[in-house]
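Predicted model only: the values in this text are computed from it and were never measured.
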Amino acid sequence: MGKVVLVTGVARQLGGRFVRRIQREPDVDRVIGVDAVPPEHRLGGADFIRADIRHPTIGRVLAEHSVDTVVHMDVNGTPLGKRGSRATVKETNVIGTMQLLGACQKTPSVKRLVIKSSTTVYGSAPRDPAVFTESTPPKSLPSGGFAKDVVEAEGYVRGFARRRPDVAVCVLRFANVLGPCADSPLAEYFSLPVLPTVLGFDPRLQFVHEDDAIEVLRIAAGEPVRGTLNSGTFNVAGDGVLLLSQAARRLGRPTLPFFLPTVTWVGSALRSVGALDFSPEQIRLLTHGRVVDTAQLRDTLGFHPRYSTPAAFADFARSRGPGLLPPESLARTVDRIAALMPAGSGQN
């Protein structure tokens, strides 16, 4: 008999895509998708069960269907579409994760657990190291928002791993996921006609293509191949980095620099009218940036992302159409300005 895989958060695009992908695995017999709201996209041959992971009913679902693999993707920074609120999202992230882990602990059939986490656990601060490894502690723990949710959720996961050492646990810390179907706050930010930035800062950013995100989740949910280990904590990001200014040029979108207090005010105004979830943690990322090391992703998990950070961003940019400033014209203008500069003028 093949594996029975339960996936949470299937009403979101990434969860739905993963459900459709995991069904094609030869050792998977059945896939069960769980969410508090019905998905608007198809789930293929998977069974959908409408259940809120914040409630104890999730335990009955695990037991009744003899689930052996759980992929927890219902850890998110924003409500699904226009439904719900930040409070509901926080409860799902924290209380929902706690309830799910409690149910997994009581279900003997569960043998593998995969958690979709985020590199936001490292925060974004001016004294941060140039590159975070999986064991690097943040200089300052996130004080609120999605980042704090993820820190708390990972704490519950570590407790679960101690109580159920027989379960293989894999925590995937994703950088910002981008691609044609991306629906994250950062994707919304890059879709603005003009990008508000923090005056005097040009942060380094990393991205994961949504195709790579699906593939690494598939690897984590299966049996490890020889020479690899898919238990532990792994940073997931494409090779390389992009500066925010480079990203803006490649999109063809002008930037509008503000002093930090003004950007914070603009972010609050955009959130209040529902135009954009421009959270304080997003502002910190767009101020100080964040870069993670992915050596363990390659050497231990055995996964090599197909898309680099610039390639993932390029695919996202193509899906968004040209901006106010066509990238080719902008590049030619920058080159002309550089050619007119006196030799050595860029040196101190």
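- Ionic pairing of D35 and R50 is not present here: no N-O contact between side-chain nitrogen and carboxylate oxygen is shorter than 4.0 angstrom.
- Contact of the H209 side chain with the D315 side chain is registered, since non-hydrogen atoms from C-beta on lie closer than 4.5 Å.
- With a 4.5 Å cut-off on side-chain heavy atoms, L286 and Q282 count as touching.
- Annotation for A182 and V177: closest pair CB-O, 3.8 Å, computed over non-hydrogen atoms.
- Two residues are said to be in side-chain contact when any heavy atoms from C-beta on lie closer than 4.5 Å; I115 and V71 fail this criterion.
- When atom types are taken as modelled, the side chain of R12 and the backbone of M73 share no donor-acceptor pair closer than 3.5 angstrom.
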- Task: Kindly indicate, with the supporting measurements, whether the criterion side chain to side chain contact (heavy atoms under 4.5 Å, CB included) is fulfilled by L178 and F313.
- Result: CA-CA 7 Å; L178 285 184; F313 190 81; 3.7 Å; yes
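- You'll find the side chain of P180 stays beyond 4.5 Å of the side chain of F316, heavy atoms only.
- Rounding to the nearest 0.5 Å gives a distance of 13.0 Å between OH of Y156 and CG of L100.
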- Let me see the working for V169 and F160 under side chain to side chain contact (heavy atoms under 4.5 Å, CB included), right down to the final yes or no. CA-CA 9 Å; V169 178; F160 169 83; 4.0 Å; yes
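- Judged by distance alone, the side chain of Q23 and the main-chain N or O of V19 form a donor-acceptor pair under 3.5 Å.
- The residues D149 and K90 are annotated as salt-bridged, a charged nitrogen and a carboxylate oxygen being separated by less than 4.0 angstrom.
- Side-chain atoms of H65 and R30 form a donor-acceptor pair, as typed in the model, at a separation below 3.5 Å.
- Taking all atoms of both residues into account, the shortest heavy-atom contact from T97 to I53 is N-CD1, 4.4 Å.
- Put simply, the side chain of S184 gets close to the backbone of A187: a donor and an acceptor are under 3.5 Å apart.
- Every side chain to side chain donor-acceptor pair (under 3.5 Å) that R218 has, sequence neighbours left out, goes to E25, E215.
- Side-chain contact of R173 with S117: a donor-acceptor pair under 3.5 Å is absent, judged by distance alone.
- Ion pairing of K3 with D29 is absent here, as no side-chain N (NZ or NE/NH1/NH2) approaches a carboxylate O to less than 4.0 Å.
- Annotation: ring-ring contact (aromatic ring centres under 6.0 Å, His included) contacts of F201 (sequence neighbours excluded): H288.
- Taking the six-membered ring wherever Trp is involved, the centroid distance between the rings of Y307 and F207 does not fall below 6.0 Å.
- Distance check, rounded to the nearest 0.5 Å: CG of L199 to OG1 of T197 gives 7.5 Å.
- If you take OG1 on T120 and CZ on R284, they are separated by 10.0 Å, rounding to the nearest 0.5 Å.
- A donor-acceptor pair under 3.5 Å links the side-chain atoms of T228 to the main chain of V225, judged by distance alone.
- Note: L14 CG to C181 SG = 9.5 Å, rounded to the nearest 0.5 Å.
- A side-chain donor-acceptor contact under 3.5 Å links N235 and Y122.
- With hydrogens and angles ignored, the 3.5 Å screen pairs no side-chain donor or acceptor of Q206 with any backbone N or O of N176.
- Contact check for F18 versus V7: side-chain heavy atoms found under the 4.5 Å cut-off.
- Taking each heavy atom of T233 and E134 in turn, the nearest pair found is O-CG, 3.3 Å.
- Checked by atom type and distance alone, the side chain of N76 never pairs as donor or acceptor with a backbone atom of T78 at under 3.5 Å.
- Put simply, CG on L217 and CG on D212 are 11.0 Å apart, with the number rounded to the nearest 0.5 Å.
- For D211 and R17, the salt-bridge test passes: some basic side-chain N is under 4.0 Å from an acidic carboxylate O.
- Side-chain atoms of D202 come within 3.5 Å of backbone N or O of S245 as a donor-acceptor pair.
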- Go through V292 and T133 one step at a time and tell me if the side chain to side chain contact (heavy atoms under 4.5 Å, CB included) criterion holds. CA-CA 6 Å; V292 297; T133 67; over 6 Å; no
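- Of all non-hydrogen atoms in T309 and L242, the two that sit nearest each other are CG2-N, 4.1 Å.
- Considering only heavy atoms from C-beta on, V171 comes within 4.5 Å of V157 through its side chain.
- Across V4 and S66, no two heavy atoms sit closer than the pair CB-O, 3.9 Å.
- Side-chain atoms of Q105 and R163 form a donor-acceptor pair, as typed in the model, at a separation below 3.5 Å.
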- Item | side chain to side chain contact (heavy atoms under 4.5 Å, CB included) between F174 and V216, worked out | CA-CA 10 Å; F174 287 96; V216 74; 3.6 Å; yes
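- With a 4.5 Å cut-off on side-chain heavy atoms, V194 and R253 do not count as touching.
- Between the side chain of S308 and the main chain of G238, no donor-acceptor pair closer than 3.5 Å is present.
- Looking only at side-chain heavy atoms (C-beta outward), V70 and V5 stay at 4.5 Å or farther from each other.
- Listed for the R204 side chain is no donor-acceptor partner under 3.5 Å among the backbone atoms of R290.
- Rounding to the nearest 0.5 Å gives a distance of 9.5 Å between CG of L205 and CD of Q246.
- Between G59 and A103, the closest heavy-atom pair is CA-CB, 3.5 Å.
- The only member of N230, T69, D68 that meets side chain to side chain donor-acceptor pair (under 3.5 Å) when paired with R112 is N230.
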